[in-house]
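No experiment lies behind these values; they were computed from the predicted model shown.
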Amino acid sequence: RTERLLYRKIVLPNETIAVSFLASLRIRSQRCSNFARGAVQSLCIEGDVLLSTAADILSLCSGTTNLALWIAPSDFNGTTNPLLRPLNDLPLTSLSLSLSSIFQYTQFVSLSTVKAFSTVTSLEILNAWVLWNSTVGLEYLHGLTHLCLHIHMRRTKPELVMTLLASSNLQVVVFRISEDIDAVQTFLKSNSLSDSRIVLASQVPTAWGELGGDDMSLWKDADQVVHWRRTSTQSMSLYPTNARMSG
């Protein structure tokens, strides 16, 4: 039981560590065929981990519900992405990823065509260009309740944001920003995008812990902001106990 607890939340920062982890899983799976499936719940794969290595890990860790794919694949050669099959088999509820890890030609992306997204309720997309010219089909993911994207005043198209906000299923929309917060708030207001579900946060996740399901989770923080705003008369004020997020 102690061994399973150690495997509950795994961070793989590079290919060397990922290969070593994969080897250890295979050894343990010889003793217990369902070990990886039952033990690994939260998994972060980042750095220079190859698609083929990531695919092998996901195939074994087939019970993972919380996944971060923070990789820029160097072995995507134009053939079928080896990551898609094991990714589609996961019972995911929370996913953070760069779209280039699963799509080679991102301008033609429609997430609703990928089975893995059908069970996801909390989704973060790292690519800054989402909402510049496309929603990448996010409005068709009817199970989404929490969404995190980047927003840029000069590049983001307000009508695309409005399309997403039309979803009644979305409870929280986090926008990561690199511009002045007051200017972004003015941008939202001037485009009729003021919405109690919108939370502004720093440009990039600082640690896996933000998405790993602990008390400092990005989603838990955002939920608190939205709840506070709905019970406060200062709807666009800074959330008083959290310097990383605001309305």
Show your reasoning for whether side chain to side chain contact (heavy atoms under 4.5 Å, CB included) applies to Leu12 and Leu22. CA-CA 10 Å; Leu12 304 173; Leu22 182 59; over 6 Å; no
Show me the donor-acceptor pairs, under 3.5 Å and distance only, between side chains in residues 152-160 and residues at least two apart or in other chains.
| from | atom 1 | to | atom 2 | distance (Å) |
| --- | --- | --- | --- | --- |
| Thr156 | OG1 | His152 | N | 2.8 |
| Thr156 | OG1 | His152 | O | 3.1 |
| Lys157 | NZ | Trp132 | O | 2.8 |
| Lys157 | NZ | Asn133 | OD1 | 3.1 |

Side-chain contact test, heavy atoms from C-beta onward, threshold under 4.5 Å: evaluate it for Asp48 versus Thr16 and give yes or no. no
Could you tell me whether the side chain of Asp180 and the main chain of Asp182 form a donor-acceptor pair under 3.5 Å? yes
Applying side chain to side chain contact (heavy atoms under 4.5 Å, CB included) to Trp70 and Val11, what does each step give before you reach the verdict? CA-CA 11 Å; Trp70 296 348; Val11 179; over 6 Å; no
Mind running side chain to side chain contact (heavy atoms under 4.5 Å, CB included) on Leu123 and Leu97 for me, showing each step along the way? CA-CA 8 Å; Leu123 174 64; Leu97 83 164; 3.9 Å; yes
Test side-chain contact (heavy atoms from CB on, under 4.5 Å) applied to Leu149 and Val161, Val174, Leu138, the passing residue: Leu138
Quick check: closest heavy atoms across Gln185 and Leu200, and the distance to 0.1 Å? CG-CD1, 3.8 Å
Are any side-chain N or O atoms of Thr145 and backbone N or O atoms of Thr121, one a donor and one an acceptor, separated by less than 3.5 Å? yes
Taking C-beta and beyond as the side chain, do Arg26 and Asp56 meet within less than 4.5 Å on heavy atoms? yes
Counting only N and O atoms by type, is there a donor-acceptor contact under 3.5 Å from the side chain of Asn81 to the main-chain atoms of Ser101? yes
What distance separates Leu84 CG from Lys115 NZ, expressed to the nearest 0.5 Å? 12.0 Å
Are the side chains of Leu170 and Leu144 in touch, meaning some heavy atoms are under 4.5 Å apart? yes
Least distance between heavy atoms, Ser100 atom then Ser98 atom: OG-OG, 2.9 Å
At what distance, to the nearest 0.5 angstrom, does CD of Gln171 lie from CG of Leu147? 12.5 Å
CG (Leu126) and CD1 (Ile71) are apart, to the nearest 0.5 Å, by 11.0 Å
Can you measure from CG (Leu92) to OG (Ser122) and round to the nearest 0.5 angstrom? 11.0 Å
Shortest non-hydrogen contact from Glu15 toward Thr53: OE2-OG1, 2.8 Å
For the CZ atom on Arg37, are there more than 12 heavy atoms of other groups (residues, nucleotides or ligands in this structure) within a distance under 6.0 Å? no
Check: Leu164 main-chain N/O paired with Ser167 side-chain donor or acceptor under 3.5 Å: no
Point-to-point distance, once rounded to the nearest 0.5 Å, from CD1 of Ile177 to NE2 of His150: 11.5 Å
List the steps and the verdict of side chain to side chain contact (heavy atoms under 4.5 Å, CB included) for Ile125 and Leu99. CA-CA 7 Å; Ile125 298 178; Leu99 295 180; 3.9 Å; yes
If hydrophobic clusters are built from ILVMFWY residues whose side chains come within less than 4.5 Å, do Val136 and Tyr140 share one? no
Nearest-0.5 Å distance, CD of residue Glu46 to CG of residue Leu69: 11.0 Å
Student check: side-chain heavy atoms of Trp219 and Cys148 closer than 4.5 Å: yes
Mind checking whether Phe175 and Met162 sit in one hydrophobic cluster, side chains of I, L, V, M, F, W, Y counted as touching below 4.5 Å? yes
Answer yes if Leu6 and Ile10 sit in the same cluster of Ile, Leu, Val, Met, Phe, Trp and Tyr residues linked by side chain heavy atoms under 4.5 Å apart, and no otherwise. yes
Using every non-hydrogen atom in the two residues, find where Ile45 and Leu58 come nearest and quote the distance to one decimal. CD1-CD2, 4.2 Å
Using modelled atom types and a 3.5 Å cut-off, is there a donor and acceptor pairing between side-chain atoms of Arg197 and backbone atoms of Leu165? yes
Would a hydrophobic clustering, with Ile, Leu, Val, Met, Phe, Trp and Tyr connected at side-chain separations under 4.5 Å, put Val114 with Leu51? yes
Locate the shortest heavy-atom distance separating Ala116 from Val120; write the atom from each residue and the value. O-CG2, 3.4 Å
Can a donor-acceptor pair be found, under 3.5 Å and without considering hydrogens, that links the side chain of Asn14 to the backbone of Ile17? yes
Shortest non-hydrogen pair, Phe117 vs Leu111, comes out as CD1-O, 3.7 Å
Holding to side-chain contact (heavy atoms from CB on, under 4.5 Å), I want the full list of residues that pass it with Leu25, two or more places apart in sequence or in another chain. Tyr7, Phe21, Phe35, Ala36, Leu60, Cys61
